[in-house]
Amino acid sequence: MSVTATYRVAIRTKRSAAEFSAITGERLLFAGLRNGFNLPYDCASGSCGSCQAELSNSEKSAIENAFPNAPASKSLASGRILMCQSICRGEIELRVFSTIAPLPGTEIRPDHFDGRIDSISELAPNTFRFSVRTQQPVGYLPGQFVMISAESVPGYRAYSMTTAEQNDGVLDFVIKTTPSGAFSRWLRQTARPNAEVRLFGPLGRAILRSNDESDLVAIAGGTGIAGIIAIIEGAIVSGYIGRHRATVIFGVRSLGEAFFLDRLSDCVERARGGLQVIVALAEPNETVPGGLHKNMAFRHGLVIDVARDALGGRKGLLEACFFVAGPPAVVDAGMQLLCGTWGVSPRSVRFDRFH
Amino acid sequence: MELEWHYAIDADAVDEEEVMQAVVNEQEIAVYRVKNQFYATEDVCTHGQAALSEGVVIGDVIECPVHQGRFCIKTGQPRGGPVSVPLRTFKTRVEGGKVFVQLEKA
């Protein structure tokens, strides 16, 4: 019988303190969330810096840095660590910078899961769909993501589930593959059905909340559509779209690189007038065939420019609930348009920055 | 909008040029003492999930501990860094050594 070592992790702020157990080899952020603490994070991937904490009274050997070159680590003050990239190897004491509180009751407590690759298929050039069959059911809210790790590829990477709930034990994801991406290469060249993966989740707060009651506007760049389509499909089933209207603006480079258009068209059909989908084609000279998905609109331009034209001056815009997802450039430009130009409250915008 | 006064924190609990968190009506409030005057803002940074009460008071500015965004303690207006949305501010008064903040009636 093997016994996994655990270590005490103590967290504190000026006025409060708590502790939890981390499994040896577990990332501190994962351990805290798994134990039901509402630790701060955004990307959980080492890019945003939101999960930073200050190490105190701990042996340096108690923490292993899983990603020394993490983008967010460059701007960390001395003595600070990224909890998402800090692997527990001993007892640790941390000062954290947000209130120590339990996860809200509306959030699903994340956990570790074992899974196996179920299928891999190409959706468009350099865009693949892959699915993972998990040993245990994974509950999540549409719009959330999980961290996935494969044995031969160091580290965890974040992928949003593309369906509103797990289907037949399988979670679906999309990935834009890049030549230099280790997980991309593994998926395209090495991974076979049944290849083992580890998951941690669900994570992410770019979701529809139970007390939301307003129109939805979603701006998605490329694979940013992954979580958005899950939210939209879930909102159609629940009747949210029906009580409220929704608009999705989906940016792709060209029709040749587009994906999920059939699904989006199906969503428009099922929403019976409650959903508007506009596909923004960055390629300026591409002709859109006349009969293509007549219930959706196709516009030429970058997704944010198309969003500006489509939404500018719309009545009730400031009261809508916004989702912006995709590469950092799309999310940053979206935030600038919504909050900077139109005065939408940042509290009304849920974003998912894909790093 | 009806407002009412609520006890937040003992005045002695906040040192000069310091900030402490008070939870009032389930709201997290940052209470500051600057030149022996008390001020209050919402505690959660408008830029992300960070508690300003864990940050640094520099004169009349609070600096968020995570991305170093800065706000004016008195007005809640952004003063630098990546923050762009102002903080909500609340009126304060001190009575009997206790700091009270004025919030919307629950």
Side-chain angles (χ1 to χ4, degrees), chain A residues 11-17 29 32-33 37-44 47-54 72 74-77 79-83 94-101 103-104 107 203-205 328 332 335-351 353, chain B residues 7-33 40-58 62-71 76-78 80-88 99 104:
Chain A
I11 54 176
R12 65 175 174 84
T13 61
K14 276 184 196 170
R15 295 198 84 179
S16 57
L29 177 67
L33 294 172
F37 287 96
N38 192 17
L39 294 183
Y41 70 93
D42 269 321
C43 72
S47 293
C48 70
S50 297
C51 68
Q52 62 184 269
E54 195 171 81
K74 298 184 180 73
S75 52
L76 286 182
R80 293 207 183 177
I81 57 165
L82 298 174
M83 288 193 282
L94 294 171
R95 182 184 169 202
V96 294
F97 299 111
S98 75
T99 303
I100 296 172
L103 280 174
E107 286 193 26
L203 298 175
R205 294 162 178 146
D332 292 344
M335 297 296 287
Q336 179 56 37
L337 174 67
L338 296 175
C339 305
T341 305
W342 288 341
V344 173
S345 166
R347 295 185 181 94
S348 298
V349 184
R350 288 151 215 185
F351 59 87
R353 201 179 262 109
Chain B
Y7 164 74
I9 195 169
D10 285 356
D12 285 348
V14 190
D15 290 337
E16 175 60 29
E17 210 162 320
E18 251 297 356
V19 54
M20 294 294 283
Q21 187 193 69
V23 180
V24 186
N25 275 5
E26 297 181 350
Q27 288 186 64
E28 292 166 2
I29 308 285
V31 179
Y32 313 82
R33 187 202 286 251
T41 71
E42 60 183 313
D43 192 29
V44 179
C45 182
T46 58
H47 181 247
Q49 189 189 344
L52 294 171
S53 56
E54 298 295 322
V56 178
V57 174
I58 309 162
I62 177 68
E63 182 179 273
C64 176
V66 176
H67 296 112
Q68 288 72 52
R70 293 182 172 194
F71 301 90
Q77 290 297 318
V83 301
S84 57
V85 178
L87 296 171
R88 283 176 289 189
V99 181
E104 279 179 39

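We name chains A, B, ... by the order of the sequence lines, and we start the count at 1 in each one.
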Colleague: About how many Å separate CD of B:Glu54 and CD of A:Glu54, when rounded to the nearest 0.5 Å?
Modeller: 10.0 Å
Colleague: Knowing that exactly one of A:Cys339, A:Pro346, A:Ser345 qualifies, which makes a side-chain contact (heavy atoms from CB on, under 4.5 Å) with B:Val85?
Modeller: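 Option passing the side-chain contact (heavy atoms from CB on, under 4.5 Å) with B:Val85: A:Pro346.
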Colleague: Does any heavy atom of chain B fall under 4.5 Å from the side chain of A:Leu76, the backbone, both, or neither of them?
Modeller: neither
Colleague: Could you report the tightest heavy-atom contact between B:Ala50 and A:Ser98, atom names first, then the distance?
Modeller: CA-CB, 4.2 Å
Colleague: Which value, rounded to the nearest 0.5 Å, describes the distance between B:Ser53 atom OG and A:Arg15 atom CZ?
Modeller: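 Those atoms lie 9.0 Å apart.
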Colleague: Given that the side chain runs from C-beta out, which part of A:Asn38 has a heavy atom under 4.5 Å from chain B: side chain, backbone, both or neither?
Modeller: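 Answer is both: backbone and side chain atoms of A:Asn38 are under 4.5 Å from chain B.
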Colleague: Look up atom CG in A:Asp42 and atom CD in B:Gln49, then write down how far apart they are to the nearest 0.5 Å.
Modeller: 8.0 Å
Colleague: With a 4.5 angstrom heavy-atom cut-off, is it the side chain or the backbone of B:Gln21 that approaches chain A, or both, or neither?
Modeller: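 Both backbone and side chain.
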Colleague: Please classify the contact of A:Cys48 with chain B as side chain, backbone, both or neither, using a heavy-atom distance under 4.5 Å.
Modeller: backbone
Colleague: Has A:Lys14 got a side-chain atom pairing as donor or acceptor with B:Met20's backbone, closer than 3.5 angstrom?
Modeller: no
Colleague: Let me know if B:Val66 has heavy atoms under 4.5 Å from chain A in its side chain, its backbone, both or neither.
Modeller: both
